[in-house]
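Following: one structure in structure tokens, then a few remarks.
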Amino acid sequence: GCFECRPPRLQNCGNRFEEIARLASETIFTVNEVEALYELFKKLSSSIIDDGLIQKEELHLALFKTPSDENLFLNRVFYLFDEKKNGVIEFDEFVHALSVFHPNAPMEEKIDFAFRLYDLRQTGFIERKEVKAMVIVILMESDITLSDDLLEAIMDRTFADADADKDDRINTEEWKDFVLRNPNLLKNMTLPYLKDLSLATVFPSFTFNTRIED
Amino acid sequence: VSPVTMNAFELISTSQGLNLSSLFEK
């Protein structure tokens with residue numbers, strides 16, 4: 001951060017303040033909250049390689065507590081965070097994506113993010129075979145064995161509820177109707193923690209003093 | 001809750017890979 005600025009670093013700090021102010025203007029976060037997110041980003045982006053970028057392995061380490069890059073859902077989260085699609089999460093991408101998870105973020109943004117998460121092949125539809133593949137991964141992760149008949153029964157019930165036009169794929173309108181009727185499906189799209197984000201609460205040892213007013 | 005009674009997306013949303021609150025664990 002810029003808390004211990006010495007003259008040689010002032011130029012960098014100026015850029016940092018500009019970036020933080022810009023990110024605050026682009027997202028739901030205040031300047032202080034973006035600054036707090038920067039501290040979190042620094043921690044995550046240095047956990048394996050200290051290069052100021054979050055690698056997929058580093059996201060895996062944060063979510064699963066083990067370093068690996070092989071998990072379908074982690075891949076999807078990483079893919080959506082990585083706006084530039086260059087294989088790493090940069091700070092501005094991190095702030096943009098987390099903004100969607102803020103308790104006060106518009107419901108539309110959460111619905112859209114979840115849709116893109118589950119639209120594995122980016123066809124504009126959540127296809128039945130994609131959903132089945134995701135359920136199989138979840139069952140394997142949880143060490144649950146289900147017969148294919150039971151699995152198909154879950155799929156039938158889900159698509160009877162979600163797929164209004166019965167074409168074995170869920171479009172954006174059907175998805176919106178479905179999640180509005182089943183709001184618990186969006187529970188993991190909200191991180192209550194983001195509402196209490198400030199250096200004072202997250203990093204109590206810091207005395208925060210920024211030149212930019214919120 | 002038995003997985004058999006859940007809908008597919010309820011099951012999927014329990015994935016650890018989708019639980020970003022772990023990012024904030026100290």
Side-chain angles (χ1 to χ4, degrees), chain A residues 40-41 43-44 59-60 62-65 71-78 81 94 97-98 101 114 117-118 126 128 131-132 134-135 137-139 141-142 144 146 150-151 153-162 170 175 178-179 182 184-194 196-197 202, chain B:
Chain A
L40 174 64
F41 181 83
K43 191 180 93 176
L44 297 173
L59 186 65
H60 195 286
L63 296 182
F64 289 85
K65 312 305 169 201
N71 179 273
L72 172 66
F73 301 106
L74 175 105
N75 282 348
R76 295 305 301 151
V77 169
F78 193 90
F81 271 62
F94 184 70
L98 281 182
F101 290 80
L117 206 51
Y118 298 144
I126 303 173
R128 180 169 169 133
V131 180
K132 188 171 177 180
M134 290 188 278
V135 171
V137 169
I138 272 290
L139 294 175
E141 270 183 23
S142 328
I144 298 170
L146 282 190
L150 279 177
L151 187 51
I154 293 172
M155 297 299 301
D156 286 344
R157 208 174 43 246
T158 303
F159 273 72
D161 191 5
I170 299 166
W175 176 249
F178 180 61
V179 293
N182 298 276
N184 59 325
L185 297 182
L186 291 181
K187 227 167 73 182
N188 58 7
M189 291 301 309
T190 293
L191 299 169
Y193 194 93
L194 292 175
D196 301 316
L197 206 56
V202 184
Chain B
V1 183
S2 161
V4 182
T5 63
M6 295 168 91
N7 81 45
F9 292 101
E10 279 178 293
L11 274 169
I12 292 165
S13 67
T14 63
S15 167
Q16 210 175 333
L18 299 178
N19 181 12
L20 297 190
S21 60
S22 329
L23 294 180
F24 301 96
E25 284 166 13
K26 300 255 159 53

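In what follows, every chain begins at residue 1, and chains take the letters A, B, ... in the order their sequences are listed. Every heavy atom of this structure was used, including side-chain atoms; hydrogens, water molecules and symmetry mates were not.
Of all heavy-atom pairs spanning B:Ser22 and A:Ala62, the tightest one is CB-O, 3.5 Å. Across all non-hydrogen atoms, the minimal contact from B:Ala8 to A:Val135 is CB-CG2, 3.7 Å. Between A:Arg157 and B:Met6, the closest heavy-atom pair is NH2-O, 2.8 Å. Here the closest non-hydrogen pair linking A:Glu141 and B:Ser15 is OE1-OG, 3.7 Å.
Looking at B:Leu23 and A:Phe101, their side chains never come closer than 4.5 Å, going by heavy atoms from C-beta outward. Looking at B:Glu10 and A:Leu185, their side chains come closer than 4.5 Å, going by heavy atoms from C-beta outward. At least one side-chain heavy atom of B:Phe9 sits under 4.5 Å from a side-chain heavy atom of A:Ile170. At a threshold of 4.5 Å between non-hydrogen side-chain atoms, the residues A:Phe159 and B:Asn7 do not count as touching. Contact annotation: the side chain of A:Lys187 never approaches that of B:Ser13 to less than 4.5 Å [non-hydrogen atoms, C-beta and beyond]. Proximity of B:Leu20 to A:Tyr193: side-chain heavy atoms (C-beta onward) are nowhere separated by under 4.5 Å.
Residue contact with chain B, scored on non-hydrogen atoms closer than 4.5 Å, involves the side chain of A:Leu59 exclusively. For A:Leu194, the part sitting under 4.5 Å from any heavy atom of chain B is the side chain, from C-beta outward, and nothing else. Heavy atoms closer than 4.5 Å to chain B are found in both the backbone and the side chain of A:Met134. No part of A:Phe41 comes within reach of chain B, as not one of its non-hydrogen atoms sits under 4.5 angstrom from that chain. For chain B, the nearby part of A:Leu117 is the side chain; its heavy atoms alone come within less than 4.5 Å. Contact annotation for A:Phe78: neither backbone nor side-chain heavy atoms come within less than 4.5 Å of a heavy atom of chain B. Using a 4.5 Å cut-off between heavy atoms, A:Ile138 touches chain B through its side chain atoms alone.
For A:Asn188, there are no side-chain hydrogen bond (donor to acceptor under 3.5 Å, both in side chains) partners two or more places apart in sequence or in a different chain.
Ranking B:Leu11, B:Ile12, B:Thr14 against chain A, the residue ahead of the rest is B:Ile12, based on heavy-atom pairs under 4.5 Å.
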